[in-house]
There are 2 protein chains.
Amino acid sequence: MARSIHVRRPATLASLAAELGVSRTTVSNAYNRPDQLSPELRRRVLETARRLGYPGPDPVARSLRTRKAGAVGLLLTENLSYAFRDPAALGFLEGLALACEGAGQGLHLVPVNPEREDVAAVHRAGVDGFVVYSVPDDDPHLAAVLSRPVPTVIADQPHIEGVDCVGIDDGTAITELAKKLITLGHRRIGVVCMRLARDRNDGFAPVERQQSAHFHVQRTRLSGLAKAFETVGVDWASVPVVERFDHSSAMGASAAAQLLDSDSQITALICTSDILALGALAEAKRRGLRVPQDLTITGFDGIVEAERVGLTTVRQPVLEKGKAAGRLLLSPSERTRPRSITLETEFLPGITAAPPRTTEERWFGP
Amino acid sequence: MARSIHVRRPATLASLAAELGVSRTTVSNAYNRPDQLSPELRRRVLETARRLGYPGPDPVARSLRTRKAGAVGLLLTENLSYAFRDPAALGFLEGLALACEGAGQGLHLVPVNPEREDVAAVHRAGVDGFVVYSVPDDDPHLAAVLSRPVPTVIADQPHIEGVDCVGIDDGTAITELAKKLITLGHRRIGVVCMRLARDRNDGFAPVERQQSAHFHVQRTRLSGLAKAFETVGVDWASVPVVERFDHSSAMGASAAAQLLDSDSQITALICTSDILALGALAEAKRRGLRVPQDLTITGFDGIVEAERVGLTTVRQPVLEKGKAAGRLLLSPSERTRPRSITLETEFLPGITAAPPRTTEERWFGP
DNA sequence: ATGAAAGCGCTAACAT
DNA sequence: ATGTTAGCGCTTTCAT
């Protein structure tokens with residue numbers, strides 16, 4: 001196939017029209033409005049197009065003219081590989097992609113170079129709207145998106161005046177989980193969380209860092225925990241919270257180790273994601289701690305793997321979240337905006353939570 | 001934030017220029033060539049832009065003028081959800097996304113409605129090139145992509161004259177694996193494979209269906225197996241090959257069951273993907289068959305999960321494959337095209353392959 | 001059923 | 001350092 005011939009666009013709609021001795025309108029109609037054309041002429045147009053190697057109307061020119069790009073932009077968290085390895089992000093992506101596919105819209109992943117603060121890609125994206133998923137509150141890319149005159153939907157981020165959004169009630173969900181642990185009797189806990197800000201901090205996160213966290217989801221989950229435990233008289237400032245920049249089971253394990261080493265009296269490890277919790281589970285096993293008899297461990301998200309091992313966690317409908325974001329963006333924009341969708345979560349009891357052992361039991365067995 | 005004001009583009013580069021009493025070139029330069037402008041004037045331009053709510057140059061118009069869309073199109077397998085759940089496809093996607101990100105290019109997922117044969121989306125995509133990943137040979141979308149006058153890279157598909165491609169040597173890799181089993185003594189085998197064509201066939205796949213399979217990867221893997229086993233005198237037509245349309249562990253399990261039920265003498269199950277093999281493993285366990293003592297099971301891909309359970313398989317560098325596709329497409333197009341990249345695979349011995357038990361051992365134990 | 005005219009909003013030579 | 005001139009390739013009223 002002599003594709004090299006096509007490297008430079010060989011023909012345009014205009015040149016085709018000239019060749020055929022018809023107007024450009026007619027050629028355009030041949031492609032876009034077959035009914036506006038005698039079948040005979042249409043065949044001739046298409047035939048000549050093939051002969052001249054005319055590939056059909058240029059999409060970009062068409063977009064300029066129609067003011068429709070036919071694509072949705074997606075702004076993902078700083079680190080792309082992170083998103084592809086996080087089941088929650090992946091589920092969201094799949095849901096959004098499904099929604100776009102259903103509407104015949106492309107999904108344009110905006111290239112965000114984590115190194116440079118290069119917002120140009122946001123301005124360069126030819127899209128009809130944006131979805132922004134879980135980026136830090138102060139991310140300049142988010143600001144860039146909001147400056148573009150197209151509809152935008154944000155997901156898993158704090159509400160922004162005038163912008164549609166979709167998410168879950170992270171705070172309430174985790175508060176509910178915390179209450180279960182409290183009811184079981186846990187008071188001495190350790191917390192493992194994901195990155196709270198764009199600067200790397202693999203270690204303890206003091207309260208002020210928690211409260212000023214740039215990642216909405218993590219901030220909200222932590223404050224939800226704080227609220228629950230303070231209700232029963234636990235001083236939140238005394239609760240060790242360990243942060244990990246990278247989101248992996250290995251990090252969950254090391255964080256769990258750090259907590260267990262720092263305080264042997266801890267009876268429960270609350271993790272703000274299932275991935276981290278699975279790592280904590282591994283660390284417990286490594287130490288010969290039985291879960292849940294010796295140690296309670298909980299997660300968040302409800303990923304498949306977690307369900308398989310019976311992790312006590314909260315399931316959130318990630319696929320639905322992505323679909324909802326897509327629908328919000330693509331639905332015939334009623335003038336009732338902004339709209340806000342909060343999806344339901346579900347507590348999964350699992351088998352990794354139980355009452356804490358008393359100190360006596362620790363020494364003398366149950 | 002009064003974003004609704006922006007719903008209709010309020011200002012253009014031209015109107016801004018008029019307002020400022022400068023030429024459009026100057027405004028354009030303020031955005032694209034800061035050095036061509038006195039800092040003072042530039043500040044004035046940007047300032048006025050903000051005041052007028054001018055969001056910067058329209059990306060589509062710019063693309064039309066510069067003939068650069070700043071994005072790469074990706075044509076994925078028929079079913080999108082499939083791609084998001086297949087670790088191999090996902091790895092490819094991640095690698096490609098990484099390459100695009102590195103080059104500052106967007107990644108435009110082309111919406112392919114599995115129902116309709118709607119090729120329009122391919123023509124509508126404003127991209128500078130395409131990557132086509134593992135679609136059926138006769139997919140009309142592939143033809144549509146090739147008809148567009150932009151560079152294209154195909155992955156995991158048969159070579160097309162004049163088109164860059166990237167892949168692995170599926171045939172050789174699986175032949176090598178087959179030879180290991182042959183050396184171990186296996187002659188009576190069963191094969192589990194993924195969908196071979198676009199029509200659903202959950203059951204045995206006769207040789208002619210295998211050979212006319214529309215999915216290159218599956219076709220090649222099967223013929224690689226046939227080659228190896230025919231070498232040692234096994235009549236391939238007598239080897240049961242079971243096909244499954246959906247790609248999941250559950251399907252792998254049911255396919256394994258079908259094979260085991262149809263021939264109790266089978267000593268090894270060769271699966272053309274790890275996902276299927278994991279299902280086969282589960283089915284063996286369910287039946288109380290010990291692997292590998294009672295039954296040898298092998299996979300293909302080298303996904304994390306497979307490695308964790310010690311599956312005997314072939315690892316392919318999926319992430320690298322995606323990166324390579326991106327590089328091929330984005331590299332300063334040397335005129336040495338077409339180029340073809342074949343990545344190396346690696347046999348992973350694992351612990352799920354062993355010599356077959358003799359009939360006597362079957363009855364009387366080892 | 002077909003054509004003429006008028007841009008969509010921008011950038012890139014080429015002046016000055 | 002700034003302006004002039006010419007389109008990029010297409011669709012869309014509005015005529016005929």
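Reminder, nothing fancy here: chain letters follow the sequence lines and each chain counts from 1. From a predicted model like this one, the values you see are computed outputs, not experimental measurements.
Looking at residues 16-28 of chain B, you'll see B:Arg24, B:Thr25, B:Ser28 sit with a heavy atom under 4.0 Å from some atom of DNA chain C. Only B:Asn32, B:Arg33, listed by number, bring a heavy atom of residues 29-47 of chain B to less than 4.0 angstrom from any atom of DNA chain C.
A:Asp58 places its CG atom 12 Å from the P atom of D:dC8, with the value rounded to the nearest Å. Going from atom CZ of B:Arg65 over to atom P of D:dG7 covers 10 Å, rounded to whole Å. Distance, A:Arg124 CZ to C:dC10 P: 15 Å, rounded to whole Å. Straight-line distance from the CZ atom of A:Arg62 to the C1' atom of D:dC8: 16 Å, rounded to whole Å. Whole-Å rounding puts the A:Lys68 NZ to D:dG9 P distance at 23 Å. Taking atom CG of residue A:Leu64 and atom P of nucleotide C:dT11, one finds them 12 Å apart after rounding to whole Å.
The pair B:Arg44-B:Glu47 does not meet the salt-bridge criterion, since no charged nitrogen lies less than 4.0 angstrom from a carboxylate oxygen. Taking a cutoff of 4.0 Å between a charged side-chain nitrogen and a carboxylate oxygen, B:Arg198 and B:Glu117 qualify as a salt bridge. Salt-bridge check for A:Arg67 with A:Asp128: failed, with every basic side-chain N at 4.0 Å or more from each acidic carboxylate O.
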Taking only distance into account, with no hydrogens and no angle test, what donor-acceptor pairs under 3.5 Å do side-chain atoms of residues 137-144 of chain A form with protein atoms, sequence neighbours excluded?
residue: A:Asp137; atom: OD2; partner: A:Arg219; partner atom: NH1; Å: 2.7
residue: A:Asp137; atom: OD2; partner: A:Arg219; partner atom: NH2; Å: 3.3
residue: A:Asp138; atom: OD2; partner: A:His214; partner atom: ND1; Å: 3.3
residue: A:Asp139; atom: OD1; partner: A:His141; partner atom: N; Å: 2.7

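The listed nucleotides are C:dG9, C:dT11, D:dT11; the one nearest the side chain of A:Thr66 is D:dT11.
If you run side-chain contact (heavy atoms from CB on, under 4.5 Å) between B:Val110 and each of B:Leu74, B:Val132, B:Val122, B:Val145, only B:Val122 comes through.
In this view, A:Tyr133 and A:Phe92 satisfy the ring-ring contact (aromatic ring centres under 6.0 Å, His included) rule, not counting sequence neighbours. A:Phe84 is linked by a ring-ring contact (aromatic ring centres under 6.0 Å, His included) to nothing, counting only residues two or more places apart in sequence or in another chain.
For the salt bridge (Lys or Arg N to Asp or Glu O under 4.0 Å) condition, the pairs that include at least one residue of residues 12-32 of chain A, sequence neighbours left out, are A:Glu19-A:Arg51.
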